[in-house]
K.L.:
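Before I ask anything, here is the structure I am working with.
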Amino acid sequence: MIRDQLLAAVHDALVHLGVDTVPDGVVVERPARREHGDWSTNAALVSAKAVGKNPRELGQALADHLDANRPPHVEALEIAGPGFVNFRLAPTWLHDVLIEVIDEGEADYGRLSIGDGLTVNIEFVSANPTGPIHAGGGRWGAYGDSLARLMARCGYEPHTEFYINDRGVQTVLFGQSLAAAKAGDETPEKGYKGVYIDDWAAEMPDDVDPTTWGIERSLTDSRLVLADMNVEFDTWSSEKALVEAGAEAEVLDRLKQSGLVYDKDGATWLKTSEYGDTDDRVLIKSDGEYTYFTPDIAYHLDKYNRGDHLIDILGADHHGYAPRMRAALIALGKPAESYEVIIGQNVKLVRDGTEVKMSKRAGDIVEIRDLIDEVGADVARFAYLLQSVDSPQTLDLDLLSTQASENPVFYVQYANARIHSIGREAAERGIERSPLSGVDLSVLDHERELEVLRVLSSLPEVLEVAVKERAPHKVTTWVRELAAAFHGFYRDCPILRSDIEPETQQARLWLAEASRVGLAIGLDLLGVSAPEHM
RNA sequence: GCGCUUGUAGCUCAAUUGGAUAGAGCAUCUGAUUACGGAUCAGAAGGUUGGGGGUUCGAGUCCCUCCAAGCGUACCA
């Protein structure tokens, strides 16, 4: 890749100029501003101190040396600002990008190997099976699924899981609430209320265990709505099954071997404070029951059977949970860095200008189902992935539905539809793309054309940063940029118009095809469809 | 009180993880269509990056300190 070639040239030049050990901070990057060239290096700024020169002086020497030994495509070099060396490249480097995109195609362009085959277990959503998933939970579905897709493209082997808390106090209460609703009795103390309880109770047959039936009803609902969002899990893990297989006792034994288990006040504790937790935690309550924590440790241990690296995606309301789980896993001999927790900030839902507080028990929830039915899966999913999970998200339900047609997702999908429209129109006129190897790409020199290629060229870098930072929203940003570049190209560079030279037409047809490939890759990573018509 | 996270344009959010003049969308205003889909394109306006201090060639980004918001601080799950 061009970037590596430039970096290698910079390294050589630095060594030639007496910088024996090139600092790690030396990079080749894309300048923020076009007038600063196509690529730029901070080498002189970072290395100046080591050789006792001022940055501009070193930068000039660097530029001179690189000018005398030009890397491929480089047309001009200049020194700017505090000592940046800027590379100006001939458009040929972008024509090479087009060839690369077409050759590698949807399946392989931007595919990276940085994951090196590491198996990663990603758990997300894991909403309690005591009701429908609310619109806030949809964020984790969209995020987790896209993260898995992103990791798969970057050389990891992700395995996605949904943990089902299908036993314990809450599930019993849920069953009781269903039974009460069916019998027309009052909701039990701290029980579950809401329209869905009444609806489900009405569906419930007479001769079933309400808890078991209710959990299954809830899971069916969750599976369907997640599938509608294009979110699929490789494994649905049942807490109940784990417990019935004796996993708690087993994990307790293993924990005891760490010497960190002790009894106090009639309860059994794990000394999680040994590994960074603020307090020790209870494994077995004084009434003899396991806490939620114990089977969950067993579950996390179990997940290592399906991944060498664990990722938990948790809402901010569960962030306090991470230190104790990490401590427990360390106690079990797992490397601290093999357990990763991603804390996502919660979603705030606004309707009629006021926040909707969500609680399953109070029955006041906005279901993800409602959101999808109202705005569509693509709009919902794109909206979730529009921003970083580090920042709290405000979803204005009114805005999302009334502005559905102005949603950025349509802007991107429209670009795709236009490309397909060109294809249809070309077919109708009997115009075909001739083999790329015979097409003269040098005619692609319009700024609009080059901009499309520039955006396409950045995909590998975007994916690298996105996967390292667990930030699929960067893919969203990129795909919007690509759509913008394409719309600009489409507007200013006609392809099928009768006065367009055949050479130009061929090159532009291929450019459109490369754009299609880029959009397809980006939208697929986001789990959003790429319709051919709109 | 303590801990985690966040604070960027009127609104919703970006910003190549320390780079050059902080960018998009929406909303507002102004332009563009004998065209392959106008769900488009171009432009204007909008900012003391919550306040203050520090680190260095260089800070929205790192450190300290205030301010504000969200979340957490169970022998609940």
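Lettering follows sequence order; numbering is per chain, from 1. This structure is a prediction, so every number in the text was calculated from the model and none was measured.
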K.L.:
Could you give the OH-to-P distance, from Y192(A) to A77(B), as a whole number of Å?
P.N.:
12 Å

K.L.:
Looking for any heavy atom pair under 4.0 Å, which part of the strands does R3(A) touch: base, sugar-phosphate only, or nothing?
P.N.:
nothing

K.L.:
Quick one: is G23(B) close enough that its OP1 or OP2 comes under 4.0 Å of any side-chain N or O from R33(A)?
P.N.:
yes

K.L.:
So T171(A), base contact, sugar-phosphate only, or nothing? Heavy-atom distance under 4.0 Å.
P.N.:
nothing

K.L.:
Would you indicate what A80(A) reaches in the nucleic acid, counting non-hydrogen atoms under 4.0 angstrom: base, sugar-phosphate, or nothing?
P.N.:
base

K.L.:
Identify each atom pair where a protein N or O and an N or O of nucleotides 3-6 of chain B are less than 3.5 Å apart, giving names and distance.
P.N.:
unit_1	atom_1	unit_2	atom_2	d
G3(B)	N2	H319(A)	NE2	2.8
U5(B)	O2'	Q345(A)	NE2	2.7

K.L.:
With nearest nucleotides of RNA chain B determined for N42(A) and T291(A) from heavy-atom distances, which residue corresponds to the more 5′ nucleotide?
P.N.:
N42(A)

K.L.:
Report the nucleotide, chosen from U12(B), C36(B), U21(B), that has the shortest atom-to-atom distance to any side-chain atom of E35(A).
P.N.:
U21(B)

K.L.:
Is there a donor N/O on one and an acceptor N/O on the other, under 3.5 Å, for the side chain of S40(A) and the base of A20(B)?
P.N.:
yes

K.L.:
Return yes when atom CE of M1(A) has more than 12 non-hydrogen atoms of other residues, nucleotides or ligands closer than 6.0 Å, and no otherwise.
P.N.:
no

K.L.:
Using atom P in both nucleotides, what's the gap between U6(B) and C64(B) to the nearest angstrom?
P.N.:
14 Å

K.L.:
Suppose we call two aromatic rings close when their centres sit under 6.0 Å apart. Are Y384(A) and Y143(A) close by that rule?
P.N.:
no

K.L.:
Checking contacts here: which listed nucleotide (C13(B), C41(B), C75(B)) is nearest the side-chain heavy atoms of D265(A)?
P.N.:
C75(B)

K.L.:
Please give the distance between the P atoms of G52(B) and C13(B) as a whole number of Å.
P.N.:
25 Å

K.L.:
Within the structure, does a side-chain N or O atom of T294(A) lie under 4.0 Å from either OP1 or OP2 of C75(B)?
P.N.:
no

K.L.:
Kindly assign one of parallel, tilted or perpendicular to the pair H300(A) and Y339(A), based on the angle between their ring planes and the thresholds 30° and 60°.
P.N.:
perpendicular

K.L.:
Tell me what D317(A) touches on the nucleic acid: a base, only sugar-phosphate, or nothing, going by heavy atoms under 4.0 Å.
P.N.:
sugar-phosphate

K.L.:
From the options A14(B), G19(B), C75(B), select the nucleotide whose nearest atom is closest to the side chain of Q387(A).
P.N.:
A14(B)

K.L.:
Would you tell me if any nitrogen or oxygen in the side chain of Q170(A) comes within less than 4.0 Å of OP1 or OP2 on A77(B)?
P.N.:
no

K.L.:
Could you tell me whether H473(A) contacts a base, only the sugar-phosphate backbone, or nothing, with contacts defined as non-hydrogen atoms closer than 4.0 Å?
P.N.:
sugar-phosphate

K.L.:
For C63(B) and C26(B), measure between their C1' atoms and round to the nearest Å.
P.N.:
37 Å

K.L.:
Would you indicate what E425(A) reaches in the nucleic acid, counting non-hydrogen atoms under 4.0 angstrom: base, sugar-phosphate, or nothing?
P.N.:
sugar-phosphate

K.L.:
Measure from the side chain of R480(A), starting at C-beta and using heavy atoms only, and say which of G25(B), A39(B), A20(B) lies closest.
P.N.:
G25(B)

K.L.:
I want to confirm an ordering. Mapping H318(A) and V465(A) to their closest nucleotides on RNA chain B, which one lands closer to the 5' end?
P.N.:
V465(A)

K.L.:
Take atom C1' in A27(B) and the same atom in A68(B), then report the distance between them in whole Å.
P.N.:
27 Å

K.L.:
Sort by first number and list every stem of RNA chain B: at least 3 consecutive Watson-Crick or G-U wobble pairs, both distances under 3.5 Å.
P.N.:
B:1-7 with B:67-73, B:10-13 with B:23-26, B:28-32 with B:40-44, B:50-54 with B:62-66

K.L.:
Give me the ring orientation class for W39(A) and W93(A): parallel if the planes are under 30° apart, tilted from 30 to 60°, perpendicular past 60°.
P.N.:
perpendicular

K.L.:
Determine whether any donor atom in the side chain of S286(A) lies under 3.5 Å from an acceptor atom in the base of C75(B), or the reverse, and answer yes or no.
P.N.:
yes

K.L.:
Students often get this wrong, so: under 4.0 angstrom with heavy atoms, is Q393(A) touching a base, only sugar-phosphate, or nothing?
P.N.:
sugar-phosphate

K.L.:
Taking the side chain of K474(A) as its heavy atoms from C-beta onward, which of C57(B), A42(B), U16(B) lies nearest to it?
P.N.:
U16(B)

K.L.:
Does K190(A) place a side-chain N or O at less than 4.0 Å from the phosphate oxygens OP1/OP2 of C76(B)?
P.N.:
no

K.L.:
R497(A) side chain N/O closer than 4.0 Å to the phosphate oxygens (OP1, OP2) of U34(B)?
P.N.:
no

K.L.:
Nearest whole angstrom, please: distance from the P of A77(B) to the OH of Y292(A).
P.N.:
9 Å

K.L.:
Which residue, V455(A), V412(A), L385(A), forms the side chain to side chain contact (heavy atoms under 4.5 Å, CB included) with V479(A)?
P.N.:
V412(A)

K.L.:
Examine R418(A) relative to Y490(A) and say whether NZ or CZ is less than 6.0 Å from the centre of the six-membered ring and inside a 45° cone about the ring axis.
P.N.:
yes

K.L.:
Is D492(A) paired with R448(A) through a side-chain N to carboxylate O contact shorter than 4.0 Å?
P.N.:
yes

K.L.:
Report yes if the ring of Y411(A) lies under 5.5 Å from the six-membered base ring of A39(B) with planes under 30°, and no otherwise.
P.N.:
no

K.L.:
Please test Y414(A) against H487(A) for ring pair (Phe, Tyr, Trp, His ring centres under 6.0 Å), starting from the C-alpha separation and ending with a verdict.
P.N.:
CA-CA 9 Å; Y414(A) 184 49; H487(A) 283 307; 5.6 Å; yes

K.L.:
Between C57(B) atom P and K53(A) atom NZ, what is the distance in whole Å?
P.N.:
18 Å

K.L.:
For the P atoms, the ones on G72(B) and on U16(B), what distance do you get once it is rounded to whole angstrom?
P.N.:
31 Å

K.L.:
I'd like the P distance from G10(B) over to G18(B), given in whole Å.
P.N.:
28 Å

K.L.:
So that I can tick it off, tell me whether R3(A) and E29(A) are bridged by a salt bridge, with the cut-off set at under 4.0 angstrom between side-chain N and carboxylate O.
P.N.:
no

K.L.:
For R281(A) and G72(B), what is the distance between atoms CZ and C1' respectively, to the nearest whole Å?
P.N.:
11 Å

K.L.:
Just do the side-chain hydrogen bond (donor to acceptor under 3.5 Å, both in side chains) check on Q170(A) and T130(A) with the steps written out, would you?
P.N.:
CA-CA 8 Å; Q170(A) 293 305 321; T130(A) 55; over 6 Å; no

K.L.:
Select base, sugar-phosphate, or nothing to describe what A316(A) touches, counting heavy atoms under 4.0 Å on all strands.
P.N.:
sugar-phosphate

K.L.:
Between A74(B) and K285(A), is there an OP1 or OP2 to side-chain N/O distance shorter than 4.0 Å?
P.N.:
no

K.L.:
Charged N to carboxylate O below 4.0 Å: is that the case for D312(A) and K303(A)?
P.N.:
yes

K.L.:
R491(A) side chain: which of A20(B), A77(B), A32(B) is closest?
P.N.:
A32(B)

K.L.:
Counting heavy atoms from C-beta on, name the nucleotide in U16(B), C75(B), A77(B) closest to the side chain of N128(A).
P.N.:
A77(B)

K.L.:
Quick one: label R418(A) by what it contacts on the DNA or RNA (base, sugar-phosphate, nothing), any heavy atom closer than 4.0 Å.
P.N.:
sugar-phosphate

K.L.:
Take atom P in G58(B) and the same atom in A15(B), then report the distance between them in whole Å.
P.N.:
25 Å

K.L.:
Write down the distance separating the P atoms in C2(B) and A45(B), rounded off to the nearest Å.
P.N.:
47 Å

K.L.:
When we call it a touch if two heavy atoms are under 4.0 Å apart, what does D166(A) touch: a base, just sugar-phosphate, or nothing?
P.N.:
nothing

K.L.:
Between A77(B), A20(B), A35(B), which nucleotide gets closest to the side-chain atoms of P494(A)?
P.N.:
A35(B)

K.L.:
For the residue pair F162(A) and W236(A), does the interplanar ring angle fall in the parallel (under 30°), tilted (30 to 60°) or perpendicular (over 60°) class?
P.N.:
parallel

K.L.:
Expressed as a whole number of angstroms, how long is the span from R56(A):CZ to G19(B):C1'?
P.N.:
15 Å

K.L.:
Check this for me: does any side-chain nitrogen of one of E513(A) and R516(A) sit under 4.0 Å from a carboxylate oxygen of the other?
P.N.:
yes

K.L.:
So does N86(A) reach the base of A20(B) with its side chain, donor to acceptor, closer than 3.5 Å?
P.N.:
yes

